[in-house]
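Quick caveat, the model's predicted, so the values are computed rather than measured. All values below come from the heavy atoms of this structure, side chains included, with hydrogens, waters and symmetry mates left out. A, B, ... follow the sequence lines: proteins, then strands. Residue 1 opens every chain.
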Amino acid sequence: MEEYPEELRTPPVTLASLVGCPELHPLISTHLLSEQPPINTLALPDFSKISLFNKKVDPDSTATSPSPSLGILKRDWLLKHRTKLPSVLAVLFPAHHLAADPAYWLQLCSHLDFIKTVVRGRNIKFVIVVVIQTNADEISEDRMIALRKRAEVDAKHVVVLNPNDTSELKQTLHRHAHCGLHSLFFSALFKGTCFEFLTVVSWSRLASSISELAVAYYREEGRRIKQRIEKKNISSVELIVRYCFKVAVYAEFRSDWTEALKFYEEAYHTLREIVGVTTRLPAVQRLVEIKSISEQLHFKISTLLLHSGKVTEAVTWFRQHKNAYKRLVGAPEGIFLHWEWMSRQFLVFGELLETSSKIIQGISPIIQATSSKPLTEWEYYSAYYYQLAAHYLSEKRSALELTISMSETSNEIDNVADSVVPSVYVGQFTRLLEQGDKVDMLPLTDEEYIRYAVSEGKRFQDSLEIIVLLKKAYESFNSMKIQRVSSFCGFQMAREYFAEGDISNAKQIFDSIASLYRKEGWVTLLWNVLGYLRECSRKNGTIKDFVEYSLEMAALPISADTGVQRDSGPAGPANLRQREIVHNEVFELVGGASGLETNEHPSNLNITGDESLQLEVDLVSPLRLAMLASVAFHEQTIKPGTSTLITVSLLSHLPLTVEIDQLEIQFNQSKCNFFIANAKKTQSSNGIQQHRTETAPSLSLESKKWLRLTHDIQSDQSGKLECLSVIAKIGSHLTICCRADSPASLDSVPLWTLDGCVQTVPIKDPILVLSGQKSTQVEEPDPQVDLHLGASGPALVGEIFLVPVTLVSKGHDVYSGELKINLVDVKGGGLFSPRDSEPYATDSHHVQLLGISGPEGEDDSQLYSDKIKKIQQSFGLISVPILKNGDSWSCKLEIKWHRPKPIMLYVSLGYTPYCNELNAQSVHVHKHLQIEGQTAIVLNHYYLMPFRRDPLLLSKNKQASEFGQSESLPLNQKNVLIVSAKNCTELPLRLKSVSIEVEDDAEKTCSIQHGSEELLNPCLIVPGEEFKKIFLVSSNMNISKLKLGTVCLRWRRDLGVEEQSASTSTLSWVVTKQKLPDVNVELPPLIVSFECPPYAIVGDPFTYYIRISNQTQLLQEVKYSLADAQSFVLSGYHDDTVHVLPKSEHILSYKLVPLVSGMQQLPKFSMTSVRYSAAYQPSNSSNSVFVFPSKPHFKAAVSTNNRVESVANE
Amino acid sequence: MIVCVAVVGHQNNPLYIQSFTEADDALKLHHIVHCSLDVVDERVNNPKKSGPMLNETFLGLLYPIENYKVYGYLTNTKVKFILVTTDLDVKDADVRNFFRRFHAAYVDAVSNPFHVPGKKITSRTFAERVSTIVKSFGFSSAG
């Protein structure tokens, strides 16, 4: 696009001319240029220069002259109208020329006459500008009218301008701001009576009147030429094209884009008709002229279409344009001109599309499927056009080369070209003939023209241009993620680089596109690219690359002839034979033969001396085609020291058999590395190898056949044994290091899987093919140490439970042994370690590993002083001393349960059987044991009142409604507290004491008798048995929450037969504590106590007293009743209401005669306190008496002071 | 005249590619077929642009390049057929007809129990059938 002249590339701009008052010209020019649309100005220094606009005698511009035109478009016509021929002439006169001296007036009139004659010839409009310096300048009305008449212009085309009046100008031209502006303006208003019709025009008025006149001028000119077209008596078609072009340009001048487009298209179509009709010029030049004009017209049309956003129309238009001229190749010797022209069309349209797509954002090309020839989305990409421009340019290059080679044979000196210049017509060339001062333009013959064009063509470096174009396309496609097309562009670009000798650029691009072809398996394309890459590395002298590319090429799956014969670059035709050639070439090179010097290419590739070349073949390398290693251990786990088999399989897709000199198999345990030597080759026993060397009868790797080698292998070191790589040494210089693959995970080589070849397997064993692994697990040696956990029975909550751990060495010495202990919740919870998650945080102390006590008889301090011992809540680590074979060692784990919970105890011993630290191969023994945790003793308690004495506790009556009420005790009464301890285990227990411990800080609110007395001998409680102890509790404080304290129980397991020998001092007692609930102490208003003899005799009457004692200061009314009993005859009131005086008691006495012997229920007493409306019934248990049939005889009544005794069940 | 036909598999790998030109520009045709896969991808990934062609196997003109026109066809199993022709005026109906017959030939070829899906089509019968179809291309409209 840049090669077009500027006037063609940009839309035309109106041109106006200024004359007179030259000092004002810059100011006016700047102002007019800033107008919208802008106006260019042509400033003439004085009036004499107006003669420039004089019409030349131009024979062919007159429509009437029938002479055939020599060309279609004049080269400078557009430029003339844009820069030389104004549409409007603005004549500036200072105001005082009108007003003052008549001499000035005369001069003015003569100027005007001259202007009129010049301007009329050209139809140029003119406007008179009278310049006043201040608004105070007065111009008489007469003079103005005279001026107008003289100039023969409309009143509106005579404008008075005050250049100092910047009131509007200052918006655009800041530097002309003046002070005192407003005062001037207002004075003009006052004095304005004489300017009624001559208002002082502002700058914008001037501009608008100029542009108005300009539009009128261009319209008239356009109409004038249009009339010529419509007359249809034009002699030649060329003139129609020219007139249409002119009309379109005039339309463009006045921004009438629709008309411009219409006439450009008209011109274009008319031009198309000329092709093959006109015989004005020699054939080649004729075509060149037509093409250059159609190019200009097409450019204008495309620009107009794209600027108005009609992208689809523009693309369609381009396609038509391209198709119309594609076949107009012309004479054979001038073909290159055609291709150059085509290339330029694509390039220019691509550039137009690119710039317009920047302006018009987001055109979404919509494919019109309805139209007969739908556009493809590709045709909206500028990159597409660049790509094709490059293509045609390369066509041009080859055509040009052909033409040059043909012309050189004729051996002519192209001196003609020196004097050939472009003629005045677009697309024409003439020869400049200088004869003295006279310069003649002579027409050219076609031969001369071609010679000129060839010499011009030689000056350009087409390949650089092609690279630029392809690069644009490449980058553009790349950015759109259209990778295949961009790869193709890249390929072409790299080929150009290669031809230019820019190897590094070429190689880089070739490499990037090779990976795409590899991925998608386009073998022929890959073959071609690799051929270039191989040549690149040959030229660079990088032997490693050369070998790699050669091997890959040789191993490509090309079997039959793919039909790619010609134009396949340095790779040659893609077929099996060529693969073999490549194969042989590379192996001759690395085989240390005479290098490639023997070839026709003198090469800088050679390997000398001890240089070696190592190729790495990893899992993604393309060289997996050339060599692939699969390694399988026959067993998944092996014992240390025992041997297993390993199969190494190698596969090559190279076309010919490769003889391997030596294979090295490498493992992660370098001790296991071994070599396989080829028996056929004389093995140079160079390195004194500490690794073993196997010998194989043959190591020839045939094409597409697995080479399988099976050897045994053993490892002494436990852990993973993995085969890392297989290194094949071929010849004296080349080593190929293949990363080992497991057969199970072996992906076939990608390119070959797509090919139709038969799949083979690396190992014959069908199981190993599916499951074979390149690594095996070497187990650790069997432990020869017994680990015994000696716990028995369940553990009891609270006690320190001892788990004896015994180690007995049976064949191994134990060095640096470590015992790890873990406690795990059986129910699937985690370890009871602090780092466990939150829900277990509260649980973390339910079971606790307290410590580890050393073997009995050993001093603890000695044991732990230098050994590791780490104890956490659920984890322990202890080091084990060195044990010789046959020794044993034991320790005890101390575990305490806080809650009943089953626990899994894991103990693991890790040790090394050898003293040598370096060979730190540890052996592990694991043991585990589940231990139940049980609650040993369940404590219960309850309160009793003294015998046959019942207080009326008001709170007790409320208990029916309120649950959870604590127990109530009467105030100042001796209450009995019975604490029972039940053995819930299956073991006998010994009980040392039951006591109630009162918290120290609690104030003495109650007295507890027998609180902390110990039993004389530890008492044995068999499973299920209950132990009871009685305490007396009394309180004289009326408080609702009486803290009684904590029941404290000391117990231990019964040791059975050892019980006697065990000294009490060494045994630790387990303390179980349980807090007694708070009780409510209250004053009972009434206390009922019964009195009757301890026993009765049938028929013997006795007195039954019922005392109702009033504890309050109030008179109590009590209703009572005594029910009949079958066993007794009763005398007294059955029911009555009595009043009990404050702090006194009322005694009811009944005479009872027992009728029946045995345990008898006394008559049931019930009473109701009227004041508290509380009914009361004494308990049944205390309400019975034993009736003897006759009077018994007692020896003695036993009564001891010691009240502490066990009481049997009720 | 048809200059090249190709069958392209799921990974955009060539399954069958055959050129029918006297001139040795097979490599160039391979490039053109390979590039056309980009257009197929774009058509398939942006179905909204192609609008009414949704669910149709025939993809139409993929793109014009140099002297060639490239047409595409996508089977239900996402195997692509590419046709490169030098004819300037090709009727869509002809191309459709060609692809229909080509598809039938392909289905027969891959139905061979000895053919492994995803591998190159090496069947000689298929090649012969294809060349017959290629030769008869365009005659249906002429006749």
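Contact of B:V116 with chain A is not made at all, since no heavy-atom distance falls under 4.5 Å. A:I482 touches chain B through backbone and side chain together, each having a heavy atom under 4.5 Å away. Using a 4.5 Å cut-off between heavy atoms, A:Y384 contacts chain B through its side chain alone, with no backbone atom that close. Neither the backbone nor the side chain of A:K322 comes within less than 4.5 Å of any heavy atom of chain B. Of the two parts of A:F477, neither the backbone nor the side chain holds a non-hydrogen atom closer than 4.5 Å to a non-hydrogen atom of chain B. Contact annotation for A:E395: neither backbone nor side-chain heavy atoms come within less than 4.5 Å of a heavy atom of chain B.
Although no hydrogens or angles enter the test, the distance criterion places a donor-acceptor pair under 3.5 Å between the side chain of A:W522 and the main chain of B:N12.
Per-residue heavy-atom pair counts under 4.5 Å with chain A were compared for B:L37, B:I32, B:L29, and the maximum is reached by B:L37. The candidate with the highest count of non-hydrogen atom pairs below 4.5 Å against chain B, out of A:L388, A:L516, A:L525, is A:L525.
With values rounded to the nearest 0.5 angstrom, A:M480 atom CE is found 10.0 Å from B:D38 atom CG. Atom-to-atom distance recorded for B:H31:NE2 and A:T524:OG1 is 8.0 Å, nearest 0.5 angstrom. Atom SG in B:C35 sits 11.0 Å away from atom CD in A:Q483 (nearest 0.5 Å).
Proximity of A:K519 to B:Q11: side-chain heavy atoms (C-beta onward) are nowhere separated by under 4.5 Å. A 4.5 Å side-chain heavy-atom check between B:H30 and A:N528 finds every atom pair outside the cut-off.
Below 4.5 Å, heavy atoms of chain A meet no heavy atom from residues 123-130 of chain B. Residue-level contacts of residues 484-492 of chain A with chain B, in order of numbering, are A:R484, A:V485, A:F488, A:F491; threshold 4.5 Å between heavy atoms.
Shortest non-hydrogen contact noted between A:G521 and B:P14 is O-CD, 3.3 Å.
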